[in-house]
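Heavy-atom basis, side chains included; hydrogens, waters and symmetry copies ignored. Each chain gets a letter, A, B and so on, in the order its sequence line appears, and its residues count up from 1.
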Amino acid sequence: MNLTLPARPPFSLPSVVRSHGWVQMAPYTADETSGGFDYIDHLPTGKVVRYRVRPDPGGVSVVLDGVLTPAEQDEVKARLAWMLGLDQDFSEFYALAEQEPKLQGAAARAQGRILRSPTLFEDVVKTILTTNTLWAATLRMDRNLVTQFGAPLLGYLTQYAFPTPDRLAGTDEATLRTQTRLGYRAPYVLELAQKVADGSLELEVLKDSGLGTVELRKRLLAIKGIGDYAAANLLMLLGHYDYLPVDSWALKVVSYEWHAGQPVGRKEVEAAFEKWGAFKGLAYWLWDWSYLQNM
DNA sequence: GGTAGACCTGGACGC
DNA sequence: GCGTCCAGGTCTACC
């Protein structure tokens with residue numbers, strides 16, 4: 001079956017897909033030709049479906065395998081609207097960005113939306129997998145989690161959805177360590193899955209909680225394995241840009257951009273984007289660092 | 001509040 | 001093939 005979902009303009013599916021590395025992580029598959037992607041989702045009803053999401057005038061078109069009930073179709077629409085931020089409004093940021101040469105054209109390029117997962121659980125797990133390791137290892141850990149604990153897509157032996165909290169909560173730390181190579185992150189992921197599965201941690205309500213950034217950050221930092229960098233990253237996914245995800249890359253680019261390549265710390269990174277206030281995360285994320293890509 | 005050391009994995013490198 | 005070094009954030013203990 002086919003769906004067409006409208007987006008608040010300006011919108012560009014390739015821009016969302018390129019917003020960060022999530023599209024490289026299973027169960028996403030990028031479609032280089034169209035600028036869209038495929039994604040395998042495990043719906044709350046238990047059904048595993050594949051979305052083929054492609055650009056469409058005014059939004060996106062979606063091809064779904066199999067037959068869904070009307071309630072499942074509504075669930076899919078809501079999940080895709082969240083994943084792509086279809087209703088997000090960046091007009092205030094765009095007005096400010098036009099005054100900054102390193103951000104000019106953000107509106108014309110429809111930048112700002114950051115590709116998300118259907119559940120905050122998946123985004124938190126994936127964020128934990130990005131910490132203290134190289135990107136290739138992050139992709140490997142994610143692929144291992146999906147292939148070993150995800151539910152299979154009907155009719156396909158090698159394609160799986162991201163594991164639900166229930167599916168992960170049933171394993172043990174030793175298995176996670178050895179079979180998925182999560183290393184010391186295994187107890188963090190397991191504890192998170194168990195708390196979400198038994199209801200002691202209501203993670204998904206944070207997607208639309210109305211909480212301020214400070215309180216949201218406090219809730220995220222309470223999760224084992226989530227520190228300053230990971231919390232700022234997740235806040236960006238939740239549409240809060242007041243904190244900067246300061247990692248080794250941020251230290252490097254700020255060093256070259258404003259300090260002649262001299263080593264800098266968190267304070268210098270914060271100072272560089274202080275004037276952007278509630279938009280500092282977006283300004284950092286969309287800043288034109290292209291001349292530093294090969295340094 | 002700030003700092004040091006441990007936590008893991010895998011790639012790069014030297015032998 | 002083996003051993004060593006290094007990169008990458010967070011946690012915990014300690015001051």
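- A chain of hydrophobic side-chain contacts below 4.5 Å, direct or via other Ile, Leu, Val, Met, Phe, Trp or Tyr residues, connects A:Trp22 to A:Tyr51.
- Among the heavy atoms of the strands, none lies under 4.0 Å from A:Leu182.
- The C1' atoms of five pairs define one axis at each end of the helix from B:dG1-C:dC15 to B:dC15-C:dG1, and these two axes lie 30° apart (to 10°).
- Across all strands, A:Ile223 comes closer than 4.0 Å only to sugar-phosphate atoms, never to a base (heavy-atom distances).
- At whole-Å resolution of the value, CG in A:Asn144 and P in B:dT9 are 12 Å apart.
- Remark: A:Arg177 is in phosphate contact with B:dC8, judged by side-chain N or O atoms under 4.0 Å from OP1 or OP2.
- The listed nucleotides are C:dG8, C:dC11, C:dG9; the one nearest the side chain of A:Tyr229 is C:dG9.
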Tabulate atom names and distances for all N/O pairs under 3.5 angstrom spanning the protein and nucleotides 13-15 of chain C.
none

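- A cation-pi arrangement is found for A:Arg50 relative to A:Tyr156, the charged atom lying closer than 6.0 Å to the ring centre and inside a 45° cone about the ring normal.
- Panel note: side chain A:Thr131, backbone A:Ile128; a donor-acceptor pair is recorded below 3.5 Å.
- At the phosphate of B:dC8, neither OP1 nor OP2 sits under 4.0 Å from any side-chain N or O atom of A:Arg181.
- A salt bridge links A:Glu204 and A:Lys207; the closest N-O separation between the charged side-chain nitrogens and carboxylate oxygens is under 4.0 Å.
- Classification of the A:Phe162-A:Phe121 ring pair by plane angle, with boundaries at 30° and 60°, yields perpendicular.
- Atom-to-atom, CG of A:Asp228 to C1' of C:dC11 comes out at 12 Å; the value is rounded to the nearest Å.
- When rounded to the nearest whole Å, the span between CG of A:Leu139 and P of B:dG11 equals 12 Å.
- For the atom pair A:Glu75 CD and A:Leu80 CG, the distance stands at 10.0 Å (nearest 0.5 Å).
- Rounded to whole angstrom, the span from the CG atom of A:Leu251 across to the C1' atom of C:dG8 amounts to 12 Å.
- The distance from atom CZ of A:Arg140 to atom P of C:dA7 is 18 Å, rounded to the nearest whole Å.
- Rounding to whole angstrom units, CG of residue A:Leu129 and C1' of B:dG10 are separated by 15 Å.
- The residue among A:Leu221 and A:Leu134 whose nearest nucleotide of DNA chain C is located toward the 5' end is A:Leu134.
- For the pair A:Trp135 CH2 and B:dG11 P, the computed distance is 16 Å after rounding to whole Å.
- Side-chain atoms of A:Gln111 and A:Ser15 form no donor-acceptor pair, as typed in the model, at a separation below 3.5 Å.
- Contact between the side-chain N/O atoms of A:Lys224 and the OP1/OP2 oxygens of C:dT12 is found at a separation under 4.0 Å.
- Spacing between atom CD1 of A:Ile128 and atom C1' of C:dT10 amounts to 10 Å, rounded to whole angstrom units.
- Between A:Phe273 and A:Trp258, the gap from one ring centroid to the other is short of 6.0 Å.
- A:Tyr184 contributes a side-chain N or O that forms a donor-acceptor pair with the base of C:dG9 under 3.5 Å.
- The side chain of A:Ser248 lies closest to C:dG9 when the candidates are B:dT9, C:dG9, C:dC11.
- With C:dG9, B:dC8, C:dT10 as the candidates, the nucleotide lying closest to the side chain of A:Ala230 is C:dT10.
- The side-chain hydrogen bond (donor to acceptor under 3.5 Å, both in side chains) check on A:Glu191 picks up A:Lys195, with sequence neighbours excluded.
- A salt bridge is defined here as a Lys NZ or Arg NE, NH1 or NH2 lying under 4.0 Å from an Asp or Glu carboxylate O, and A:Arg113 with A:Asp87 fails to meet this definition.
- The residue A:Thr133 sits close to a base: some heavy atom pair falls under 4.0 Å.
- Of the candidate nucleotides C:dG8, B:dG10, C:dT12, C:dG8 has the atom nearest to the side chain of A:Asn132.
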